[in-house]
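Residue indices begin at 1 and follow the sequence shown.
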Amino acid sequence: MASRVSLKAKGKSSKGSKAQEDRSLCESLKEWTTWTMRKAKVITHYGFIPMVIIIGMNSDPKPALSQLLSPV
């Protein structure tokens, strides 16, 4: 296993580095959340109707595809 390298300064530590680290963690979390929600929106947008059709075709009466796609 590779060892992790710590880049902490020796001696007195500044309080600003901790705040900066928290801010970058918060920004990373915000970016990750935004990216995840955008991907989930696209997957839901393009996957919902095919999922409904597949579930409908696997139901008990076994309808034909034309019966599933017709509005009546």
Between atom OG of S70 and atom CG of L65, what is the distance when rounded to the nearest 0.5 Å? 10.0 Å
Would a hydrophobic clustering, with Ile, Leu, Val, Met, Phe, Trp and Tyr connected at side-chain separations under 4.5 Å, put I49 with I43? no
Would I55 and L69 show up in the same hydrophobic cluster when neighbours are defined by side-chain heavy atoms closer than 4.5 Å? yes
Answer with yes or no whether the hydrophobic clustering places V52 together with Y46; edges join I, L, V, M, F, W, Y residues whose side-chain heavy atoms lie under 4.5 Å apart. no
Taking every heavy atom of K62 against every heavy atom of M57, the minimum-distance pair comes out as CD-O, 3.8 Å
Would you give the length of the straight line joining atom NZ of K41 to atom OG1 of T44, rounded to the nearest 0.5 angstrom? 10.0 Å
Can any side-chain N or O of Q67 pair as donor or acceptor with the backbone N or O of A64 at less than 3.5 Å? yes
CE (M37) with more than 12 external heavy atoms under 6.0 Å: no
Do L25 and L29 come close enough that some side-chain heavy atom pair is under 4.5 Å? no
